[in-house]
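The structure appears below as structure tokens.
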Amino acid sequence: MRLSRYFIPTLREAPSDAQIASHQLMLRAGMIRQEAAGIYAWLPLGLRVLKKIEQIVREEMDRAGAIEVLMPTLQLADLWRESGRYDDYGDEMLRIKDRHERDLLYGPTAEEVITEIFRAHVKSYKELPKNFYNIQWKFRDERRPRFGVMRGREFLMKDAYSFDVDEAAARRSYNRMFVAYLNTFSRLGLKAVPMRADPGPIGGDLSHEFIILADTGESQVFCHRDLVEMPAPGDVDWDGDLQAIVDQRTALYAATEDMHEQARFEAEVPEADRLSARGIEVGHIFYFGEKYSKPMRAVVTGPDGQERPIHGGSYGVGVSRLVGGIIEASHDGAGIIWPDAVAPFGVAVINLRPGDSAVDLACEQAYGALRDAGKDPLLDDTDERPGAKFAAMDLIGAPWQLIIGPKGVAEGKVEIKRRATGERQSLSLEDALQAILT
RNA sequence: CGGAGUGUGGCUCAGUCUGGUAGAGCACCGCGUUCGGGACGCGGGGGUCGCAGGUUCGAAUCCUGCCACUCCGACCA
């Protein structure tokens, strides 16, 4: 992409509305624009990141055997009356009437819809297990939206729903999602820790929140230090027994403040390993048994010929929240530091002197080579002064900068800079490309 | 939903107390000098001062009502 033909409306100063780093940086980097409280337009740079995160989430869901669908944003109130949640949900549900005075709602989640789809088509235990997911905009009319996209009212969520014949099978489905989440967050460059969460009215131990540590996190969390650095499982035998992996992650103490028991924490974790920090919830999984299948009559016929309600679980990842979460976890005073996997552009090629034919030529060569190599380069071919370009490119946070100016070109050199470390090297163009591409 | 606060050009803010021709910096346009870490000079464009009433010769400023947004708290992907 050529910056001169693109649209990245950066701001020198952060709007006073924004209080936390990720919100300020997203506004300053021209990623989003607030349209109302907790409602944002995604500008090109922000959209690129959102799409990259979405794609990683999608790939990891697919790998774990989940099947993608797309459910509507507008749902029928009658469906929610079946589950009993239409009256329970309260003011967080945005309720709408169509021209026929029929009650609709903007979906805050989709258990009812997916259960309706499932019950219409699945009749036998032989078709189980099934896990459907969708990546769709949700709306929850939060009392107090804040922190930019981290707590918006409208947000993009990946929500998956598993259907199993009994609780033991449902636990296997749960474990698959548990492992898939570890892999997903790892690919996003995050250290996410699964923590015991409130399982709600169903009880049991089958609910975990995935938390990334950041000073601006919304909740206080407590865990064994070793959990933070534990590597992701990677590809596993998804049809095999994943319990050992889950056990390894859940054996050590980890809880959010709601579930925290200080006495247990101190008993189970040696003092040197106790980590107490702020955390951001980026995923939440739980098993809810027959909560929806019973009232909505989502049943399958078992091997014994008897119908039974399926056992369900649901699994959420806050895709748009992750954009903010990643920035919270990875930024410095100059701006955003994107992990390579989600960077909107892999390399910023900075032309320090557009119009200088030798510099232009070197930039075009570099840009073409990087583009052909799939590195998503952004060529800054604008007329700004060098200082302004450096500041803007640091702000938007491409992992690499390739700096090409007249002084260097005269000596056959360009400069590469790694955004994360600030480390710079002066190299020939060929060597510089080599360094970036390997 | 309780408490606090703020609405003045794209952004940051002054002006409001004490009513009298709407300002500054950044950004934008033109010209010139510049050009390796957010340059400088000169000239220029852009604002129904959140909205609606009211008081007044005159309202960004005073009064009333409404709206929006932010922060703290209680609740949540």
Side-chain angles (χ1 to χ4, degrees), chain A residues 9-20 23-24 27-28 30 33-39 43 57 89-93 107-111 135-160 181 192 197-198 200 207-212 218-219 256-258 280-286 314-325 333-335 350-356 359 380 382-395 401 403-411 413-415 417 422 424 426:
Chain A
T10 58
L11 300 173
R12 249 175 113 144
E13 293 172 279
S16 54
D17 286 353
Q19 296 297 314
I20 65 167
H23 190 195
Q24 292 179 350
L27 291 167
R28 286 192 54 214
R33 167 134 188 111
Q34 180 167 349
E35 297 296 340
I39 299 178
L43 305 185
V57 170
Y89 218 93
D91 290 337
E92 282 199 7
M93 178 183 282
T109 177
E111 279 85 1
I135 301 172
Q136 175 64 293
W137 292 91
K138 307 292 192 293
F139 193 93
R140 295 184 189 173
D141 203 352
E142 295 276 349
R143 288 185 184 85
R144 182 149 101 81
R146 64 191 123 162
F147 303 146
V149 299
M150 302 252 286
R151 176 158 301 283
R153 292 191 292 171
E154 186 182 51
F155 57 96
L156 187 62
M157 181 168 85
K158 186 286 298 177
D159 40 323
Y181 275 31
D198 185 353
S207 180
H208 289 89
E209 291 180 16
F210 287 73
I211 303 278
I212 58 174
E218 286 194 80
S219 52
T256 60
E257 57 193 331
D258 298 342
I280 300 168
E281 179 186 352
V282 289
H284 194 168
I285 62 179
F286 46 94
S314 72
Y315 315 90
V317 170
V319 176
S320 49
R321 170 181 285 186
L322 275 165
V323 180
I350 304 177
N351 184 336
L352 290 181
R353 190 74 61 87
D356 178 313
V359 175
D380 186 347
T382 62
D383 237 346
E384 290 295 321
R385 298 166 53 81
K389 293 189 175 195
F390 292 135
M393 291 303 113
D394 283 351
L395 175 62
Q401 291 173 11
I403 302 159
I404 303 179
K407 288 180 192 167
V409 166
E411 301 165 14
K413 294 288 172 92
V414 299
E415 188 174 58
K417 174 178 149 181
R424 307 173 192 213
S426 190

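Residue numbering restarts at 1 for every chain, and letters A, B, ... go by the order of the sequence lines.
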Dump every N/O contact between nucleotides 66-70 of chain B and the protein below 3.5 Å, one line per pair.
unit_1 : atom_1 : unit_2  : atom_2 : d
B:C69  : OP1    : A:Ala37 : N      : 2.8
B:C69  : O3'    : A:Gln34 : NE2    : 3.3
B:C69  : O2'    : A:Asp17 : OD2    : 3.3
B:U70  : OP1    : A:Gln34 : NE2    : 3.1
B:U70  : O3'    : A:Asp17 : O      : 3.4

* Out of B:G36, B:A77, B:C35, which has the shortest distance to the side chain of A:Glu142? -> B:A77
* **Gap in Å between the two P atoms, one belonging to B:U12 and one to B:C17, rounded** => 24 Å
* Using heavy atoms to find the nearest nucleotide of RNA chain B for A:Glu281 and A:Gly405 separately, return the residue whose nucleotide is more 5′. => A:Gly405
* Measure the distance from CG on A:Asp258 to P on B:C75 and round it to the nearest whole Å. => 8 Å
* Asked: Given atom CD of A:Glu411 and atom P of B:G36, what is their separation to the nearest angstrom?
  -> 15 Å
* To do: Check whether the side chains of A:Thr382 and A:Glu384 place a donor and an acceptor atom closer than 3.5 Å, and report yes or no.
  => no
* **Gap in Å between the two P atoms, one belonging to B:G47 and one to B:C11, rounded** => 15 Å
* Watson-Crick or G-U counterpart of B:G25, or none if no pair lies under 3.5 Å -> B:C11
* **Rounded distance in Å between the P positions of B:G43 and B:A22** => 22 Å
* Whole-Å distance separating the CZ atom of A:Phe147 from the P atom of B:G73 -> 8 Å
* Asked: A:Leu352 has an atom CG; how far is it from atom P of B:G37, in whole Å?
  -> 9 Å
* Asked: Taking a pair as Watson-Crick or G-U wobble with both distances under 3.5 Å, which nucleotide is matched to B:G53?
  -> B:C63
* Residues in side-chain contact (heavy atoms from CB on, under 4.5 Å) contact with A:Ala18, at least two apart in sequence or another chain -> A:His23, A:Gln24, A:Leu27
* Asked: Between B:A24 and B:G9, how far is it from one C1' atom to the other, in whole Å?
  -> 13 Å
* Look at all strands and tell whether A:Gly318 reaches a base, only sugar-phosphate, or nothing, counting heavy atoms closer than 4.0 Å. => base
* Structure fact -> Checking N1-N3 plus N6-O4 or O6-N4 for Watson-Crick, or N1-O2 and O6-N3 for wobble, each under 3.5 Å, the partner of B:C40 is B:G32
* Looking at A:Arg385, does any N or O in its side chain come under 4.0 Å of the phosphate oxygens OP1/OP2 on B:A39? -> yes
* Considering only heavy atoms and no angle criterion, is a donor-acceptor pair shorter than 3.5 Å present between the side chain of A:Arg424 and the base of B:G37? -> yes
* Partner set under ring-ring contact (aromatic ring centres under 6.0 Å, His included) for A:Tyr315, not counting sequence neighbours -> none
* Structure fact -> When rounded to whole Å, the CG to P distance for the pair A:Leu11 and B:C13 reads 13 Å
* Just wondering, do A:Phe155 and B:A77 stack (centres under 5.5 Å, planes under 30°)? -> yes
* Closest approach of A:Pro108 to A:Met93 (non-hydrogen atoms, all atoms of both residues) -> CG-CE, 4.5 Å
* Asked: Does B:U16 have a Watson-Crick or wobble mate here (both distances under 3.5 Å), and if so which one?
  -> none
* Under 4.0 Å between any heavy atoms, over every strand shown, what does A:Gly152 touch: base, sugar-phosphate, or nothing? Just pick one. => base
* Hey, are A:Ser314 and A:His284 close enough side-chain-wise for a donor-acceptor pair under 3.5 Å? -> no
* To do: Indicate, with a heavy-atom threshold strictly under 4.0 Å, whether A:Ile403 touches base, sugar-phosphate, or nothing.
  => base
* To do: Could you tell me the separation between the CZ atom of A:Arg353 and the C1' atom of B:G37, rounded to a whole number of Å?
  => 15 Å
* Whole-Å distance separating the CZ atom of A:Phe390 from the C1' atom of B:A39 -> 15 Å
* Can you list the residues that meet the side-chain contact (heavy atoms from CB on, under 4.5 Å) rule with A:Lys138, with sequence neighbours excluded? -> A:Asn134, A:Gln136, A:Phe155, A:Met157, A:Asp159
* Asked: With rounding to whole Å, what would you report as the distance between B:C35 and B:G25 at their C1' atoms?
  -> 23 Å
* What interatomic distance, in whole Å, is found between C1' of B:U70 and the corresponding atom of B:G50? -> 15 Å
* **Integer angstrom distance from the P of B:U61 to that of B:C29** => 34 Å
* To do: Side chain of A:Arg143 only, please: which of B:C35, B:A77, B:C1 is the nearest?
  => B:C1
* **Selected nucleotide, minimal atom distance to A:Arg33 side chain, candidates B:G10, B:A77, B:G37** => B:G10
* Mind checking the C1' distance from B:G58 to B:A74? Whole angstroms is fine. -> 48 Å
* Is the base of B:G37 touched by the side chain of A:Glu384 through a donor-acceptor pair closer than 3.5 angstrom? -> no
* Could you pull out all residues at least two apart from A:Asp356 that satisfy side-chain contact (heavy atoms from CB on, under 4.5 Å)? => A:Arg353, A:Ala358, A:Val359, A:Pro406
* Asked: Considering all heavy atoms of both residues, which atom of A:Asp91 and which atom of A:Asp141 are nearest to each other, and what is their separation?
  -> O-CB, 3.5 Å
* Report the residue (A:Val409 or A:Leu156) whose heavy-atom-nearest nucleotide on RNA chain B is the more 5′ of the two. => A:Val409
* **Pairing partner (Watson-Crick or G-U wobble, both distances under 3.5 angstrom) of B:C69** => B:G5
* Kindly give the heavy-atom pair with the smallest separation between A:Arg153 and A:Ile39, and that separation in Å. => NH2-CD1, 3.7 Å
* To do: Quickly work out the A:Lys389 NZ to B:G37 C1' distance and round it to whole Å.
  => 13 Å
* When we call it a touch if two heavy atoms are under 4.0 Å apart, what does A:Glu13 touch: a base, just sugar-phosphate, or nothing? -> base
* To do: Only counting residues at least two apart or in another chain, list the ones meeting side chain to side chain donor-acceptor pair (under 3.5 Å) with A:Glu142.
  => A:Arg151
